[in-house]
Amino acid sequence: MEPKESKRHCYKCLLREMDEEAYMRQLHRYIELLDSDLKAAQAIYEGRLSVCKECDYLEAGTCQACGCYVELRAAVKKNRCPYKKW
């Protein structure tokens, strides 16, 4: 049995060079490692995401109105929705 070839994760690559799974891991890792002084409380984060999920501008995790990744924007406590929905 041959060993599985493991893909090394490159921290110097562009998002378009990463597979979807690696990209999602990196996005969630970034949110997880945010400094607690910067990070929104979990309940606020979830509330923000609930609002975004109901918004017509949400498409594949991106706000089509402003271009942000909604999970990243919602994770930072000082951030606001550019359309004042949260």
Side-chain angles (χ1 to χ4, degrees):
M1 181 187 227
E2 289 185 35
K4 255 188 181 177
E5 184 179 318
S6 65
K7 274 186 158 179
R8 289 184 46 194
H9 180 70
C10 173
Y11 290 103
K12 296 278 188 185
C13 55
L14 301 173
L15 294 176
R16 67 182 180 191
E17 296 168 343
M18 298 170 71
D19 63 37
E20 189 173 325
E21 188 177 317
Y23 171 73
M24 290 305 294
R25 278 195 313 271
Q26 186 65 20
L27 179 129
H28 288 279
R29 182 175 179 266
Y30 175 84
I31 292 169
E32 187 178 303
L33 296 176
L34 275 173
D35 187 284
S36 61
D37 291 340
L38 302 175
K39 194 173 188 178
Q42 188 66 28
I44 291 171
Y45 175 67
E46 294 298 335
R48 289 174 172 182
L49 293 181
S50 292
V51 171
C52 290
K53 283 183 75 171
E54 298 298 319
C55 182
D56 292 336
Y57 291 118
L58 179 65
E59 186 175 315
T62 304
C63 175
Q64 296 300 300
C66 72
C68 78
Y69 292 106
V70 296
E71 290 177 75
L72 294 178
R73 181 183 288 273
V76 178
K77 80 169 111 178
K78 72 173 185 153
N79 286 349
R80 300 285 178 258
C81 169
Y83 294 93
K84 299 181 172 110
K85 293 185 177 196
W86 50 260

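For the atom pair CH2 (W86) and OG (S50), the distance works out to 12.0 Å, reported to the nearest 0.5 Å. Here the straight-line distance linking atom CD1 of I31 with atom OH of Y69 works out to 12.0 Å at 0.5 Å rounding. A distance of 9.0 Å separates NE2 in H28 from CG in L72, rounded to the nearest 0.5 Å.
Although no hydrogens or angles enter the test, the distance criterion places a donor-acceptor pair under 3.5 Å between the side chain of R48 and the main chain of A74. With R73 contributing its side chain and R80 its backbone, the two residues share a donor-acceptor pair below 3.5 Å. A donor-acceptor contact shorter than 3.5 Å is absent between the side chain of K85 and the backbone of C52. Counting only distance, with no hydrogens or angles, the side chain of K77 and the backbone of D37 share a donor-acceptor pair below 3.5 Å.
Note: Y57 and Y83 have parallel aromatic rings, judged against thresholds of 30 and 60 degrees for the angle between ring planes.
By the neighbour-count criterion of 12 heavy atoms within 6.0 Å, atom CG of D35 is densely surrounded, having more than that number from other residues, nucleotides or ligands.
Linking ILVMFWY side-chain heavy atoms closer than 4.5 Å, directly or via other members, places I44 and L38 in two distinct hydrophobic clusters. Tracing side-chain contacts under 4.5 Å through hydrophobic residues (I, L, V, M, F, W, Y), one never reaches V76 starting from V51; they form parts of separate clusters.
Shortest non-hydrogen contact noted between V70 and T62 is CG1-C, 4.4 Å.
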